[in-house]
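Comments concern the structure below.
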Protein chains: 2
Amino acid sequence: MGAAGRRNLPTSEELAAWRAHVETFDVVRARIESRLQQDSKLSSGDYKVLLALSEADGRTVRSSDLAAHIEWERSRLSGHLGRMEKRGLVRREPCEDDARGSHVLLTDEGARAFHASTIPHLQAIKEVFIDAFTPQQLTDLNEAAVAIRRHLDLDAP
Amino acid sequence: MGAAGRRNLPTSEELAAWRAHVETFDVVRARIESRLQQDSKLSSGDYKVLLALSEADGRTVRSSDLAAHIEWERSRLSGHLGRMEKRGLVRREPCEDDARGSHVLLTDEGARAFHASTIPHLQAIKEVFIDAFTPQQLTDLNEAAVAIRRHLDLDAP
DNA sequence: GGCAAGTGATTCACATGTCAATCAACTGAT
DNA sequence: ATCAGTTGATTGACATGTGAATCACTTGCC
C-alpha cells in the first residue's frame with residue numbers, strides 16, 4: 001500500500017483504542033445488565049419499556065408511540081411486549097379510536113417490578129460506571145459523546 | 001429518601017452521561033458493523049473468528065483454544081462455526097491426538113473473504129470513530145477505558 | 001485394568017435482534 | 001363512494017447470545 005492508502009486507516013494505537021473502548025464498555029454494560037437481572041428479573045429491554053410506560057399518562061401508550069419514544073423497530077417492540085405480557089408485566093388492549101392500533105398498559109405487577117428495580121439499577125450505574133471516573137473524566141467522556149454525535153450528524157433536525 | 005440513600009445514586013447529570021454514552025456508542029458500533037456487513041457480508045462475529053484463524057499457525061486452531069482466545073463461550077463458538085461452515089468460510093476436522101476435540105480451519109474462501117474485508121473495516125473504524133475526535137479526546141477516551149478496567153479489576157492476574 | 005472426575009464439543013430451550021412480508025384499517029384525492 | 005397509498009401491528013425466517021444438559025472421550029488415581 002502506498003502513502004495515500006494509509007491516510008484513511010487507523011494507526012495501531014488508534015485501533016487499540018477502539019478495541020479497548022468496545023471491549024471495556026461491553027463489560028460495563030454486561031455488569032449493569034446482570035445486576036438488573038439478578039436484582040429484579042428484568043432485562044434492559046424490559047426496563048426501558050417499563051420506564052417509558054410508567055412515565056406515560058395513565059400508564060398507557062399507543063404501541064407505535066412507545067416504539068418511537070424508545071427508538072425501537074415496531075416489530076421488535078411487538079415481540080418484546082409479547083414476552084412481557086406472558087410474564088404479566090404489561091397488557092395490550094384494542095384501541096377504540098383506531099381499530100388497527102393497540103394500547104399498551106402497565107399492570108400493577110409491572111409497576112411493582114419497575115419501582116423495585118429503579119434504585120438498585122441506578123446504584124449499579126453509579127457503582128460500575130460513574131464511580132470509575134474523576135469529574136474531569138466524566139466531562140471528557142461526555143465531550144467525546146458530543147463529538148461523535150456531531151461527527152455522525154446525529155441530533156440533526 | 002434521606003441524605004444517606006442519595007450518596008450512592010447518580011445525579012441526573014451523571015445518569016444523562018451514562019445514557020448518552022450508551023446510546024451514542026451503540027450507534028457507532030452499529031454503523032461500523034453495518035459497513036462490514038455491506039462491504040464483505042461478514043458480521044463482527046465472523047470477523048473476529050476469521051481474524052483469530054488467519055493469525056493462527058497453519059490457519060488452524062483447536063476449537064477450545066479459539067473460544068478462549070476470543071473470549072467466547074464454547075457453545076457460542078460452536079453455533080457460530082456451524083453457520084460459518086455452511087457458508088464455506090471455515091471447516092472442522094476431527095483431532096487426531098484427542099478424539100473429543102476438533103480443529104477449526106480457515107478455508108481459502110474464508111481467507112479471501114477476510115482479506116478483502118480488513119482494509120474497508122479499518123477504514124470504517126477510522127472514519128466513524130477515530131475521526132470524530134481530537135488527539136486529546138482520543139487520549140481521554142483511552143484514559144477512561146483504563147480507569148474502568150482498574151475500577152472493575154479487569155486485567156487482574 | 002477400571003472407575004470417578006474432568007474436559008471438549010455439541011445440543012437444547014430460550015431471549016433477543018433484524019428485515020421483509022402480511023394484513024387490516026385508515027386517509028385523502030378524485 | 002371509491003380506491004390507491006399509508007400506517008399500525010403482527011408474523012416468519014433467520015442470526016445471534018446465554019446457560020444448562022448431554023455425551024463421548026481422556027485422565028488420574030487406586
Side-chain angles (χ1 to χ4, degrees), chain A residues 22-23 26-27 29-38 40-50 60-87 89-105, chain B residues 22-23 26-27 29-38 40-50 60-87 89-105:
Chain A
V22 169
E23 277 159 33
D26 264 358
V27 174
R29 185 199 308 251
R31 294 260 180 130
I32 289 175
E33 290 191 1
S34 141
R35 294 246 316 232
L36 180 60
Q37 185 68 52
Q38 299 205 317
S40 318
K41 313 290 178 202
L42 296 176
S43 69
S44 63
D46 299 336
Y47 187 87
K48 201 162 190 177
V49 168
L50 293 177
T60 291
V61 184
R62 277 289 296 271
S63 182
S64 266
D65 297 343
L66 179 53
H69 184 64
I70 63 182
E71 300 185 89
W72 279 13
E73 298 268 336
R74 273 173 309 151
S75 70
R76 177 181 178 183
L77 180 59
S78 180
H80 206 99
L81 287 178
R83 289 188 299 271
M84 291 180 74
E85 200 167 20
K86 260 198 267 184
R87 293 192 287 148
L89 299 171
V90 301
R91 211 150 25 89
R92 277 180 287 197
E93 283 185 354
C95 189
E96 323 73 35
D97 40 318
D98 185 338
R100 292 166 305 180
S102 72
H103 289 298
V104 184
L105 45 110
Chain B
V22 169
E23 278 159 31
D26 265 358
V27 175
R29 184 199 308 251
R31 295 257 178 133
I32 290 175
E33 290 190 1
S34 143
R35 294 246 317 231
L36 180 60
Q37 186 68 52
Q38 298 203 316
S40 318
K41 313 290 180 203
L42 295 177
S43 70
S44 63
D46 300 336
Y47 187 88
K48 201 163 189 177
V49 168
L50 293 177
T60 291
V61 185
R62 278 289 295 272
S63 182
S64 267
D65 296 343
L66 180 52
H69 184 63
I70 63 181
E71 301 185 271
W72 280 13
E73 298 268 336
R74 274 175 308 147
S75 71
R76 176 181 178 184
L77 180 59
S78 179
H80 206 100
L81 287 178
R83 289 188 298 271
M84 291 181 74
E85 199 166 21
K86 262 200 268 186
R87 294 190 289 149
L89 299 171
V90 300
R91 211 151 25 89
R92 277 182 286 197
E93 284 185 353
C95 189
E96 322 74 33
D97 39 321
D98 186 338
R100 294 166 304 181
S102 73
H103 289 298
V104 185
L105 46 111

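Every chain is numbered from 1 and lettered A, B, ... according to where its sequence line falls, protein lines coming before strand lines. All of these numbers come straight from a predicted model, not from anything done at the bench.
One interatomic measurement links the two molecules: CG of B:L77 to P of C:dT11, which rounds to 13 Å at whole-angstrom precision. Spacing between atom NE2 of B:H103 and atom P of C:dG8 amounts to 13 Å, rounded to whole angstrom units. In this structure, CG of A:L81 is placed 15 Å from P of D:dG8, rounded to the nearest angstrom. Remark: P of D:dT7 and CG of A:D97 are 17 Å apart, rounded to the nearest angstrom. Look at CG on B:L42: it is 10 Å from P on D:dT16, rounded to the nearest Å. With rounding to whole Å, A:D46 atom CG is found 17 Å from C:dC14 atom P. Here C:dT16 presents its P atom at 14 Å from NZ of A:K48, a figure rounded to the nearest Å.
One cannot find a donor-acceptor pair under 3.5 Å joining the base of C:dA15 and the side-chain atoms of A:R83. The base of D:dG8 is paired with the side chain of A:R74 by a donor and an acceptor separated by under 3.5 Å. For C:dC19, its base sits under 3.5 Å from the side chain of A:S75 at one donor and acceptor pair at least.
Take the nearest nucleotide of DNA chain D for A:G79 and for B:R76: the residue whose nucleotide is more 5' is A:G79. When the nearest nucleotides of DNA chain C are assigned to A:W72 and B:G101 by heavy-atom distance, the more 5′-ward of the two goes with B:G101.
Under 4.0 angstrom from either OP1 or OP2 of D:dT11 there lies no side-chain N or O belonging to A:S78. The shortest distance between the side-chain N/O atoms of A:R62 and the OP1/OP2 oxygens of D:dA9 is below 4.0 Å. One finds no side-chain N or O of A:R100 lying less than 4.0 angstrom from the OP1 or OP2 phosphate oxygen of D:dT7.
Residues passing the ring pair (Phe, Tyr, Trp, His ring centres under 6.0 Å) test with B:H80 are B:W72, sequence neighbours excluded.
Among the heavy atoms of the strands lying under 4.0 Å from B:S64 are primed sugar atoms or P, OP1, OP2 only; no base atom is included. In this structure, B:R87 reaches neither bases nor backbone, as no heavy-atom distance under 4.0 Å exists between it and the strands shown.
The side chain of A:H80 has C:dG17 as its nearest neighbour among C:dC19, C:dG17, D:dC25. With C:dT10, D:dT18, C:dG17 as the candidates, the nucleotide lying closest to the side chain of B:S102 is C:dT10.
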| query | Going through the distances and angles, do B:L89 and B:V49 end up as a side-chain contact (heavy atoms from CB on, under 4.5 Å)? | reply | CA-CA 10 Å; B:L89 299 171; B:V49 168; over 6 Å; no
| request: Check step by step if side-chain contact (heavy atoms from CB on, under 4.5 Å) holds for B:D46 and B:R87. | output: CA-CA 11 Å; B:D46 300 336; B:R87 294 190 289 149; 2.6 Å; yes
| message | Before you tell me yes or no, could you show the steps for B:H69 and B:V61 under side-chain contact (heavy atoms from CB on, under 4.5 Å), namely the whole-Å CA-CA distance, both residues' side-chain angles and the distance that decides it to 0.1 Å? | response | CA-CA 10 Å; B:H69 184 63; B:V61 185; over 6 Å; no
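B:D26 CG to A:R29 CZ: the interatomic distance, rounded to the nearest 0.5 Å, is 4.0 Å.
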